[in-house]
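All figures in this text were calculated on a predicted structure; none of them were measured in a lab.
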Amino acid sequence: MRWLVGWSSTAAGVPGIGVAGATGGDGETVHPVGSQLLWGDPDPLWAVGDWRPDEVRVLSIDAQTRIAVFGICGASDEQLRIGLLAARGGALRHLTAWPGAYTAVVQAGRRMTVCGDLAGARPVFHTPWAGGTAYATAALPLADLIEANLDFGHLAALLAAPDVPAALHDSTPYEGVRRIPPGHALILRNGAREIAGYEPVASLAVAAPSADPDSAVDGVRDALVEAVRARLSAPRHVPDIDPGPVPGMGPAERRAARGMPVPGIGADLSGGPASGTLALLAAGLPGMPGTVLGHGTGAGERLLAVTFNDLAVAGREAEVERAGTLAANPRLHHVVVAGGEETLPYAELDGPLTDEPGACLVTAARHRARLAAGSADHFTGYGARQVLDAHPARLADLLMDRKRRHLVRPVAALAKADGSVLVPARVYGAARRLARTPYRAGLEMLADRLMNQRFDEPGGAVGASLAALTWARPGPAARWLTGEALAEVSVRLQGATHRSGVGPGQHPGDFRARAALARHASDLRVLEQAVEIRSQRLHAPFLDNQVVRACRALPEALRVRPGARAEILRTVLAGAGVSDLPPGWGAPSHASSAAATRTGLRVAADSLMSLFGTPLLAQAGLVEARVVRKALRAAADGEPLPLDGLADLVSLELWLGRLLARRGTCWTGTPARARAVPAGIRPQRGALGAGASGGGAVYG
């Protein structure tokens, strides 16, 4: 795990704050474990973890004006200098407009600026500390620093309304540690903090100007090509040298057994359009993108393409076949990873502690099996669906912009899937109601649903679309929460309606799409930590700032067409010179992950029953153990329950167990008690605590 951390003090002369660390409440000097000091006194900044040399760049104009960039950034030194000068004058957007995925930190005198990204995959956290403000790109180090307890109100909201920004607001699983929203920057002046947005938000009252579809798709192509090129331009990395042969094992088997990725660059190749687009772009760009000659597979400079073939559950044979056809490209070296029951969801419940909880913890072993055969730098197609597809609520946006004719194609596709002539009227009516519903009223309706425990929603594709045509909706795990937990989230939502500036300032579909992107980016961040393989980096170009911006410029009329994502990516590849795609490329997969999830639940039933024998979630007052055990048994038996909700519950229980079993801290120079959640979870139920003010309930 890699993160950066620093703080801003109230005055330059505070005793104990300097290049070595800072003085805590008990007079001890603290600094992060395993850190690299980039600058100090009086506002120090550290890089912590296994950063590569080219992933940390520092450029200075003078002793009090400098910029640090962490991650993959395609900017030249001159561009960094221009961005630094612009940021010193108050213009922040320049810092977020370079190709790649990175975090920029600027010091201009006593003013510190830390920029988050647009998607939320590289968040920034902050907390008051030692008379000033500490910040980091991970929440757990700050929780250790202030010995934070768990915020059970946040955990309840994470289960009851994970896609509703008003329910989570700026909270984290740790009391006192806050998160800046995507598209914002944290500005610190002498310890005082300010959160400023750097991205313009579309007005709710004025329709956005119509974008030209062809130029918008060209913009997506250019942004994706630059994102891929930024990774290809970075230095190649060879993991630790293979210590030697093992009887009966080839080089690839030794590397996988020792947890070492293949040197060079590779990509997922699932047969879907997103991963296929990135693999073909990376293989087709000028240069030598693949494995380092003389290392690993001996495949020279061919790009390593990895396909996961699930042998435990059938249904994706067509996608695997398409992946094989794509991999016939002479610049690709294809590897198929076969997975049996050992890679099913819930099959492996042990793993590392992640910064925050995420539903992907139950499928981490499945992803790790695929990535263990991958490269030191590995492209993934995560985020393509969220940045390119049209959220169902965008149908209401079309009505608000008086573009009713563009509803014909998506509504006709839903009617064809459902086979009912009543579908157009139902969908149009729901979109019209949403277009006329204020944001505050949407939150109040959700609060009422949670308080009265109304979770039934229509099924099927049409039912899912109708349920999504709202400002906010309950999460899939909400039905299994206790009344106290649901009341806590309801109070948080009611408090959000009274906060100033609570309105989203944009159309409901655009608002819901941004919230879904932030949720997905947060899950991907947890996944990266849960499946982390030494010396490997996962790259998700679709979540880069410039790619997100280019995708947001796509006109909604283009987005809502059935099959729009595949057509957009097909056009992107054609513009990059790739046109020979296999038949069926981009076709939606009819095989659902639900079959694998149900099989995994059935195989892991005993371990899950043991996990929820005396669950920590029940001690916190969020669930009742018998209710969850009954739901797990029913889902394993095939009852139509929301499987995503069960994954949320199991993942949160796993995360709590790992957090409380943890020993040590992220800081040196501190007593043993200086870590997050020092007192654990004390079984106590009841009070809503500070729910009305947006804080967490005090269950213990």
Side-chain angles (χ1 to χ4, degrees), residues 150-169 171 173 356-362 392-393 442-459 463-464 466-497 512 515-516 518-520 522-523 594 597 601 612 615-618 620-632 634-635 639-656 685 688-689 691 694 696-697 699:
L150 288 169
D151 184 344
F152 292 105
H154 174 87
L155 298 181
L158 205 58
L159 294 172
D163 295 323
V164 183
L168 299 171
H169 193 39
S171 62
E356 297 181 275
C360 60
L361 294 185
V362 301
L443 292 185
E444 290 173 347
M445 286 189 285
L446 175 60
D448 181 71
R449 287 189 65 181
L450 294 177
M451 188 68 77
N452 293 285
Q453 302 185 28
R454 299 198 309 269
F455 306 117
D456 293 334
E457 292 179 345
L466 291 174
L469 280 165
T470 57
W471 277 109
R473 58 186 290 195
R479 66 189 63 218
W480 295 300
L481 297 188
T482 61
E484 292 93 341
L486 292 173
E488 160 73 1
V489 181
S490 179
V491 171
R492 289 168 71 99
L493 288 169
Q494 291 169 0
T497 63
R512 289 294 305 274
R519 170 84 188 282
H520 179 79
S522 177
D523 287 345
T597 302
L601 281 170
F612 281 91
L616 297 170
L617 287 174
L622 299 181
V623 302
E624 292 185 13
R626 63 174 181 83
V627 173
V628 178
R629 290 196 298 268
K630 179 181 178 181
L632 289 169
E639 290 191 22
L641 295 176
L643 301 180
D644 292 346
L646 292 175
D648 290 340
L649 287 173
V650 175
S651 295
L652 184 51
E653 179 67 25
L654 289 173
W655 182 81
L656 287 173
R685 305 186 181 215
L688 295 178
Y699 290 101

From CA spacing to verdict: side-chain contact (heavy atoms from CB on, under 4.5 Å), V628, L632
CA-CA 6 Å; V628 178; L632 289 169; 4.1 Å; yes
If we ignore hydrogens and angles and just use 3.5 Å, is the side chain of [X] paired with the main-chain N or O of [Y] as donor and acceptor?
X: S651; Y: G358; result: yes
X: N452; Y: D448; result: yes
X: S490; Y: M451; result: no
X: R492; Y: A157; result: no
X: R449; Y: R473; result: no

Shortest non-hydrogen contact between [X] and [Y], atoms and distance:
X: L641; Y: A635; answer: CD1-N, 4.0 Å
X: L481; Y: A156; answer: CD1-O, 3.8 Å
X: W480; Y: G645; answer: CZ3-C, 3.8 Å
X: S171; Y: H154; answer: OG-ND1, 2.8 Å
X: T482; Y: G621; answer: OG1-O, 2.7 Å
X: A625; Y: A618; answer: N-CB, 4.3 Å

Just wondering, do [Y] and [X] contact through their side chains at under 4.5 Å, heavy atoms?
X: L643; Y: L601; result: yes
X: P474; Y: R454; result: no
X: L616; Y: W655; result: no
X: F612; Y: V650; result: yes
X: L649; Y: L617; result: yes
X: L446; Y: W471; result: no
X: D151; Y: P173; result: no

If you measure from [atom1] on [X] to [atom2] on [Y], what distance do you get to the nearest 0.5 Å?
X: L486; Y: R479; atom1: CG; atom2: CZ; value: 11.5 Å
X: L652; Y: L361; atom1: CG; atom2: CG; value: 9.0 Å
X: R512; Y: T470; atom1: CZ; atom2: OG1; value: 4.5 Å

Among L622, L168, V489, which one satisfies side-chain contact (heavy atoms from CB on, under 4.5 Å) with L158?
L168
side-chain contact (heavy atoms from CB on, under 4.5 Å) for F455 and L450? Distances and angles first, verdict last.
CA-CA 8 Å; F455 306 117; L450 294 177; 3.9 Å; yes
Salt-bridge test for R519 and D648: reply yes if a basic N is under 4.0 Å from a carboxylate O, no otherwise.
yes
Please evaluate residues L493 and V164 with respect to the criterion side-chain contact (heavy atoms from CB on, under 4.5 Å), reporting the C-alpha separation (whole Å), side-chain torsions for both, the decisive distance (0.1 Å), and the verdict.
CA-CA 9 Å; L493 288 169; V164 183; 4.0 Å; yes
Dump the intermediate steps for side-chain contact (heavy atoms from CB on, under 4.5 Å) on L656 and L155, then the final yes or no.
CA-CA 10 Å; L656 287 173; L155 298 181; 4.2 Å; yes
Listed partners of P392 passing side chain to side chain contact (heavy atoms under 4.5 Å, CB included), at least two apart:
S465, A468
